[in-house]
Asker: 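Let me begin by handing over the structure; questions about it come next.
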Protein chains: 4
Amino acid sequence: MSRFASSFTFKRRVAFADTDAMGVVHHMNYLRYFEEARVAWLRELRLDHEHYPKAPLCLAVLETVCRHRAPARFEDELLVHMQVRRERLKIVIQYAIVRADQPDDAIALGQTKLVGVDKELRPVRMPDAFAAQLEKEKWTETWL
Amino acid sequence: MSRFASSFTFKRRVAFADTDAMGVVHHMNYLRYFEEARVAWLRELRLDHEHYPKAPLCLAVLETVCRHRAPARFEDELLVHMQVRRERLKIVIQYAIVRADQPDDAIALGQTKLVGVDKELRPVRMPDAFAAQLEKEKWTETWL
Amino acid sequence: MSRFASSFTFKRRVAFADTDAMGVVHHMNYLRYFEEARVAWLRELRLDHEHYPKAPLCLAVLETVCRHRAPARFEDELLVHMQVRRERLKIVIQYAIVRADQPDDAIALGQTKLVGVDKELRPVRMPDAFAAQLEKEKWTETWL
Amino acid sequence: MSRFASSFTFKRRVAFADTDAMGVVHHMNYLRYFEEARVAWLRELRLDHEHYPKAPLCLAVLETVCRHRAPARFEDELLVHMQVRRERLKIVIQYAIVRADQPDDAIALGQTKLVGVDKELRPVRMPDAFAAQLEKEKWTETWL
């Protein structure tokens, strides 16, 4: 078992389009991987019907942080571990990305803060189903 | 003068984020350069107030073609030459991309077909200002 | 069974990062989906050890075509059907993208032509394992 | 004059490809804008011949932070203000992005930490020309 005790893990191969001229994943794409992981987590929890496009709520990104420790390369199989907690109106998510063949060494650690917004991008109260789920999430330790 | 007699030329440096692990511009990004060129052309002609976001009309892409003859690399200065003609409801645009330091050698030749659509993505009649401009455009020769 | 008799089908959900302000997948990302599909096909056939990064051979894109018939949206589940044939040094691949819930209606049809190149981007002979596989591929009908 | 006293300001229009289904610039693309700004700054200072592709040095991204205060939309003209300082082997850059028509309101504030690396991605000493320039940079106040 990985040292990243995670409420959800998303598996993702590095696509060729994600690489840059240094031969590694361009740093922008870690934000893509974080987003794919949290969308998959919401779908897994059947919370996808609470947000866009199935409901008017959108999850706007307020803040992103990413710290890079090692590169990822084309065809690497990555695991994106996630832990989630609530901060009033905000959802705070931390991410630890490891290569599947070296599951204890994070190549990147990140955090995003999100807030639910309506179509005019005004913050709104979190749907009850979201709030209830966030109560249940475990936040083991701070990864960054 | 370049052999690409063009109604509009857009200048663009290759960004690092546009490259891939072969050390060259990833082929997806040529579609990005074509789009930037046609948006700049519409702005130059003051037709930008006829389309999204200043007007409801969007220009949906029906077809793209791109033929690659040579690579482009980080920091290359590119010129995107354009020629435009109308085909009933459609706008056909051809593109010839050259490096500024080798202006007669196309590194990529492309074509896009576009159609004006409303917010529900239904094709609509071209605004008169568009139609009038397309009458004036010169289509010198077919580039691909 | 789908009307697209395919040698390989790749499944892919639309990511939020792939959408644009029209609320649909931005046309650039179809080239991303085509690339992901052919990489997955090569891996499935265990031909991934014949190309970069496991071998020096890269598959350079010579030409792309994409025709759009209908949009795709965030969270749509897409199937990318592929058929492949050899044209001397080139590999020609056609793609038909459908939504999993409407498997007979292509939302996009595309084609790419690729050639094997070395690190200096010079065309090279196809590895025997590639050539042998391409002999076996069925090309049922031309999709575009 | 803007309240962001900046050593360098980069101008950039929002491209359509940068938007997402919320109708605003997708958060990933702020990292693209930061990168374009620092590449333009290095070129302006004629330091571009000290790094890839004109020299073997690459500037690897160690950390990114971005805080979002307001959205940007298609065709917005953005100004990316930068301030730069050295931290031993690292280059720390802060960014304040404003809309050209509202120059005192940051829509995003960010920071990147970079380190010079060789082709094997090992950290290397900063070239003298870089170090000399970083001595001259003014760091007015911390933006985030």
Side-chain angles (χ1 to χ4, degrees), chain B residues 17-36 38-39 51-73 90 92-93 95 106-124 143-144, chain C residues 17-36 38-39 51-73 90 92-93 95 97 106-124 144:
Chain B
D18 297 344
T19 61
D20 66 26
M22 284 171 74
V24 302
V25 171
H26 189 270
H27 64 280
M28 271 178 67
N29 290 309
Y30 288 84
L31 302 192
R32 179 191 299 276
Y33 299 164
F34 295 166
E35 182 179 84
E36 287 181 7
R38 65 183 178 262
V39 167
H51 69 77
Y52 174 85
K54 293 183 189 161
L57 181 80
C58 285
L59 293 171
V61 174
L62 294 173
E63 188 185 302
T64 61
V65 180
C66 189
R67 292 197 191 131
H68 300 274
R69 290 193 177 170
R73 291 189 162 80
K90 295 178 199 165
V92 180
I93 308 180
Y95 310 83
I107 62 166
L109 295 168
Q111 181 175 284
T112 57
K113 292 191 183 178
L114 306 156
V115 68
V117 295
D118 62 19
K119 288 278 176 192
E120 279 71 44
L121 304 177
R122 284 174 308 220
V124 295
W143 291 340
L144 90 172
Chain C
D18 297 343
T19 61
D20 66 27
M22 284 170 73
V24 302
V25 171
H26 188 270
H27 64 281
M28 271 177 68
N29 290 310
Y30 289 84
L31 301 192
R32 180 191 297 277
Y33 299 164
F34 294 166
E35 182 179 83
E36 287 181 6
R38 66 184 176 260
V39 167
H51 70 76
Y52 173 85
K54 292 183 189 161
L57 182 81
C58 285
L59 293 171
V61 174
L62 295 173
E63 187 185 301
T64 61
V65 180
C66 189
R67 293 199 190 129
H68 300 274
R69 292 192 176 170
R73 291 186 163 82
K90 295 178 198 163
V92 180
I93 308 180
Y95 310 83
I97 300 188
I107 63 167
L109 295 168
Q111 181 174 285
T112 57
K113 291 189 183 178
L114 305 157
V115 69
V117 296
D118 62 20
K119 288 279 175 190
E120 280 70 45
L121 304 176
R122 284 175 306 222
V124 294
L144 92 172

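In what follows, chains are A, B, ... by sequence order, proteins preceding strands, each numbered from 1.
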Asker: CZ of R69(C) to CD of E63(B): how many Å apart, nearest 0.5 Å?
Answerer: 11.5 Å
Asker: When heavy-atom pairs shorter than 4.5 Å are enumerated against chain B, which of L109(C), N29(C), L31(C) gives the highest number?
Answerer: L31(C)
Asker: Under 4.5 Å heavy-atom distance to chain B, tell me which part of P53(C) shows up: side chain, backbone, both or neither.
Answerer: neither
Asker: Go through the atoms of Q111(C) and report whether side chain, backbone, both or neither lie under 4.5 Å from a heavy atom of chain B.
Answerer: neither
Asker: Most heavy-atom pairs under 4.5 angstrom with chain B, which of L62(C), V24(C), V65(C)?
Answerer: L62(C)
Asker: Taking side chain as everything from C-beta outward and backbone as N, CA, C, O, which of these in C58(C) sits under 4.5 Å from a heavy atom of chain B? Side chain, backbone, both or neither.
Answerer: side chain
Asker: Does any heavy atom of chain C fall under 4.5 Å from the side chain of Y52(B), the backbone, both, or neither of them?
Answerer: side chain
Asker: Out of R67(C), M28(C), M22(C), H26(C), return the one with the most heavy atom pairs under 4.5 angstrom to chain B.
Answerer: M28(C)
